[in-house]
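Reading through the C-alpha cells given below for one structure.
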Amino acid sequence: MRLFINIFLVLNLSGIIFSDLNISLSGTIKDDIDYHKLAAELGESMPTGSGVKVTQVEANLGKFGMGQFIFKPKETLNNGSPNPDFTNKSIIDVRNLSTATSSHATEVGRLLYGNQSGIAPAITQIDLYESIDWRNNGFLKPSLNEPLAETNHIQNHSWINPTSIELLDKETVERFDFAIDRDKFLAVVGLDNGSSSDVPNILAGSYNALSVGLTNGNHSSGFTLITEKGRLKPEIVVPASATSYAVPVVSGAASLLYETALEKSELSESPGNATQPETLRAILLAGATKEEFPDWRNTETQPFDTKFGAGELNIFNSYQVLVSGEEVPFNPSQPKNNSSTGWDFSTISNNEKQKYFLDIPLGKRLEKLSIVLTWNRKITKSGAGVAWGVTTSQVSNLKMSLFKSENFSSTDRLKVSDSSKDNYEHTYLPNNLSPGQYLIEVSHADGSTELTNYAIAWHSNEIELIETYNDWANLKYNSSSNIDTLALADPDGNGISNLMEYALNMNNLETFLFPVQGEFIDPADNKKYLTLKYRRRKDAVDIEYIISWSADLVNWNSNPVNFDMINMDSVDTATEELTVRLKKSLDEDFNLFQRLEIKKTR
C-alpha cells in the first residue's frame with residue numbers, strides 16, 4: 001500500500017503559523033577556514049607548528065635616507081610588560097638593522113605564531129628581514145652570487161614592491177624560484193590590496209611561491225606581467241581584512257601541515273616527500289573550498305578562477321588530504337585503486353603517463369572532487385660553484401586528465417586541465433561522481449621526455465548515495481522496520497519530522513536554521529507579493545513539493561499558473577534553493593496565505 005504523508009507550512013503577511021529563523025554568523029578567520037573544526041576533531045593531537053622554523057620578511061616603515069629601519073614585531077606592551085603573544089619566542093633580526101618596532105610586523109607575527117591568536121602558536125624560531133635588504137644584501141643577491149641557503153621551513157612575505165624595472169624584477173623572481181627549489185622551503189607571498197591594482201611582479205610573479213588574495217576579492221588578480229606573462233594569480237584566498245594579514249594565515253596553516261609531516265613519517269613513501277614545497281602547495285590548494293564563490297569558474301586552459309584562485313583556504317580539508325597518506329602511481333604488475341582523498345610526490349619522464357585510479361563503491365558517491373597538480377620552475381646556472389653567471393629557466397608543460405575507467409583502462413574523458421603557461425593544473429567536480437572507477441592521469445602536454453618532479457593532491461567527500469526517504473531512514477537508524485512510522489517522528493524535538501528534514505535536506509540530529517522562509521518583495525511595480533523560499537533535496541525521487549495558496553485557510557489552489565519561479569540556485573551538490581512568488585499581490589488582497597506541501601509518493 002502506498003503511503004502519502006502531507007506536511008504543511010503556511011505563510012501569511014501577519015506571520016502566523018511560521019517561525020522565520022535567521023541566524024547571522026560572524027565567525028573569526030579561524031572559524032571560516034575550519035581551524036576550530038579541526039581542533040575539535042583532533043583535541044590534544046592538534047598540531048601547533050611545533051618544530052617549524054619560519055622567516056618573516058617585512059617592509060620597512062621608516063625612511064632609508066635617514067637610516068630608519070622599522071620592521072620588527074613589538075615584543076612588549078605599552079606598559080613595558082611582555083607581549084603575551086610573543087613570550088618564549090626567539091625573533092632574530094638577522095641583519096641587526098631594525099631601530100624600532102612595526103605595527104604591521106606585530107600583526108603579521110601575531111596571526112602567524114602568536115601564542116594567543118596565531119594559527120601556529122608553537123613556532124618559536126623566527127628569522128626577521130627587512131624586505132629590500134633581504135633582496136639586495138641579506139638573502140637573494142649576496143654579492144651577485146647564489147642566494148644564501150635557507151634553513152627555515154617557511155618564508156612569509158607580507159609585502160610587495162611596485163618596481164617597474166622589468167630586468168630587475170625578473171632577476172629577483174628568478175633568484176627567488178631558484179632558492180625555493182634548491183632549499184625546499186615553502187614561500188607564501190601576498191598580492192596588492194585593491195581589486196583594480198595589477199598583479200605585482202615582486203613577489204607574486206614567482207612560479208614556485210604560493211600567492212594569496214582575499215575572500216572578498218579586494219586584491220589584485222588576473223594575470224602576471226612578468227617572465228611568462230598571463231599566468232593566473234592568486235592561487236588561494238583567505239577571509240582577512242588585507243592581503244598582509246591573509247599571508248600569515250596561509251603560512252600558519254602550512255606550518256601545521258609541516259609539523260604533522262615531520263611527526264608522522266609514515267605518511268610519506270619516501271622521506272621528505274610530504275614537506276616538499278610542491279606537495280604543500282598542492283595539498284593546501286586541493287583542500288580549498290569554493291562554496292563561498294557562486295561564480296567560481298575555471299576552464300581547460302585556465303586552472304583557477306581569475307579572482308579567487310583555487311578557492312578559500314580550509315585547513316580541515318588539507319589536513320585530511322595529508323594524513324590520508326602518500327599514494328603511488330599505478331603499477332600494472334600490482335594493480336590497485338587509490339584512496340578517494342590523497343596525494344603523491346613523484347617524477348614523470350620518458351614521455352610516460354602517471355596514473356591514479358579511484359574506485360567509488362556501490363552505495364557511495366563522491367562530491368566536490370578537487371584535484372591539483374603542481375611543479376617547480378627550474379633555474380639552471382652556467383657558473384661554477386656559487387657564481388650566478390648566465391641562467392636558463394625551464395618550466396615543464398604538464399597536463400592532467402580525468403577519465404571514467406573500467407578494469408584499470410580508461411574509457412570516457414570527463415575533464416582535462418591543460419594550461420600552457422601555469423605550473424599548476426586543477427580540476428573540480430562539484431557534482432556527484434557515481435559508483436565506479438575513475439582515472440587521474442598526469443602527462444607531458446607536449447610529448448616531452450624531460451624529467452619533472454611534481455606533486456598531486458585530491459580531496460573529496462565520500463557520502464552515502466541517497467535517492468529515497470527509505471535509503472535515508474535506513475542509513476540514519478540502521479533499520480528497515482517502521483519506516484513509515486519514523487517518517488512522522490521528531491527525534492531531535494525541533495518540531496520538524498524526519499520526512500520533512502529528509503525532503504529539505506536538513507540534519508535530523510541538529511536544530512539550527514530552518515530552510516523554509518517567507519519573504520515579501522517589492523518588484524518593479526512597487527507592489528508587495530507573498531514569496532516562498534525553500535530548500536529541497538536534488539536527488540529525491542520519492543518526494544513531491546507542492547506550492548498552493550488560499551484566502552481563507554480552507555480552500556487551497558495549487559495550479560502552477562498562479563505562481564512565478566523567481567530563482568533556483570544550487571546550494572551544494574545535494575541541495576537547491578527555490579524562490580516561488582504568488583502572482584496575486586498583497587495590494588489586491590491583504591489576507592493571502594501560501595503553503596508548501598511535502599508529499600511522499602512511494
Side-chain angles (χ1 to χ4, degrees), residues 29-30 33 35 38-39 42 44-58 73 75 85-94 105 108-129 134 139 148-158 179-180 182-189 208-210 212 236 238 245-268 271-285 287 313-316 318-323 343 345 455 457:
I29 293 177
K30 286 185 176 180
I33 66 171
Y35 174 96
L38 181 62
L42 298 182
E44 293 183 356
S45 299
M46 177 70 177
T48 56
S50 177
V52 178
K53 298 179 290 185
V54 301
T55 295
Q56 180 178 350
V57 183
E58 286 285 327
E75 297 184 64
D85 261 322
F86 299 143
T87 56
N88 301 317
K89 309 290 183 187
S90 176
I91 304 176
I92 305 299
D93 177 2
V94 175
V108 170
R110 189 183 69 84
L111 290 169
L112 173 50
Y113 50 80
N115 292 321
Q116 296 182 328
S117 50
I119 300 294
I123 290 174
T124 59
Q125 182 173 328
I126 303 98
D127 287 344
L128 185 68
Y129 284 92
W134 170 86
F139 181 78
L148 296 182
E150 175 61 276
T151 58
N152 290 347
H153 306 120
I154 294 174
Q155 282 192 1
N156 186 95
H157 294 268
S158 291
I180 293 169
R182 180 196 62 186
D183 299 334
K184 310 304 180 187
F185 62 91
L186 179 69
V188 187
V189 306
N208 300 345
L210 186 63
V212 184
I236 200 166
V238 170
Y245 307 135
V247 172
V249 175
V250 176
S251 295
S255 299
L256 305 188
L257 299 178
Y258 209 111
E259 177 196 349
T260 303
L262 291 175
E263 292 184 349
K264 299 179 182 293
S265 59
E266 70 276 9
L267 297 177
S268 297
N273 280 2
T275 57
Q276 295 288 337
E278 300 99 316
T279 302
L280 291 171
R281 297 199 313 262
I283 289 176
L284 287 166
L285 296 177
L313 172 71
N314 188 288
I315 185 57
F316 182 89
S318 292
Y319 182 87
Q320 301 305 322
V321 175
L322 174 63
V323 298
W343 63 274
F345 179 82

Over all heavy atoms of both residues, which pair between [X] and [Y] is shortest? Give the atoms and the distance, please.
X      : Y      : result
Gly287 : Ser318 : CA-OG, 3.6 Å
Pro248 : Ser158 : CD-OG, 3.6 Å
Gly118 : Tyr35  : O-OH, 4.4 Å
Leu322 : Ala274 : CD1-CB, 4.1 Å

Examine distances only and state if a side-chain atom of [X] and a backbone atom of [Y] form a donor-acceptor pair shorter than 3.5 Å.
X      : Y      : answer
Asn152 : Ile154 : no
Ser268 : Ser265 : no
Asn208 : Ile180 : no
Glu278 : Phe345 : no
Thr279 : Asn273 : yes

Which distance, rounded to the nearest 0.5 Å, do you find between the [atom1] of [X] and the [atom2] of [Y]?
X      : Y      : atom1 : atom2 : value
Leu112 : Ile123 : CG    : CD1   : 4.5 Å
Asp183 : Phe185 : CG    : CZ    : 6.0 Å
Leu128 : Ile91  : CG    : CD1   : 7.5 Å
Thr124 : Asn88  : OG1   : CG    : 8.5 Å
His157 : Glu58  : NE2   : CD    : 10.5 Å
Leu210 : Leu280 : CG    : CG    : 9.5 Å

Do the non-hydrogen side-chain atoms of [X] and [Y] ever get within less than 4.5 Å of each other?
X      : Y      : value
Ile315 : Ile119 : no
Met46  : Leu256 : yes
Val212 : Ile236 : yes
Val238 : Val250 : yes
Lys53  : Asp127 : no

*Can Tyr319 and Leu42 be said to form a side chain to side chain contact (heavy atoms under 4.5 Å, CB included), step by step?*
CA-CA 11 Å; Tyr319 182 87; Leu42 298 182; 3.6 Å; yes
*asked:* Checking Thr275 against Lys184 for the side chain to side chain contact (heavy atoms under 4.5 Å, CB included) test, could you report, in this order, the C-alpha distance in whole Å, the side-chain angles of both residues, the deciding distance, and whether it holds?
replied: CA-CA 8 Å; Thr275 57; Lys184 310 304 180 187; over 6 Å; no
*side chain to side chain contact (heavy atoms under 4.5 Å, CB included) between Ile126 and Lys89, worked out*: CA-CA 8 Å; Ile126 303 98; Lys89 309 290 183 187; 4.2 Å; yes
*asked:* Consider side-chain contact (heavy atoms from CB on, under 4.5 Å). Of Leu262, Val321, Ile283, which one does Leu257 pass it with?
replied: Ile283
_Whether Trp134 and Phe139 hold their rings parallel, tilted or perpendicular, with breakpoints at 30° and 60°_ = parallel
_Pair listing, side chain to side chain donor-acceptor pair (under 3.5 Å) test, anchored in residues 247-263, at least two apart_ = Asn156-Ser251
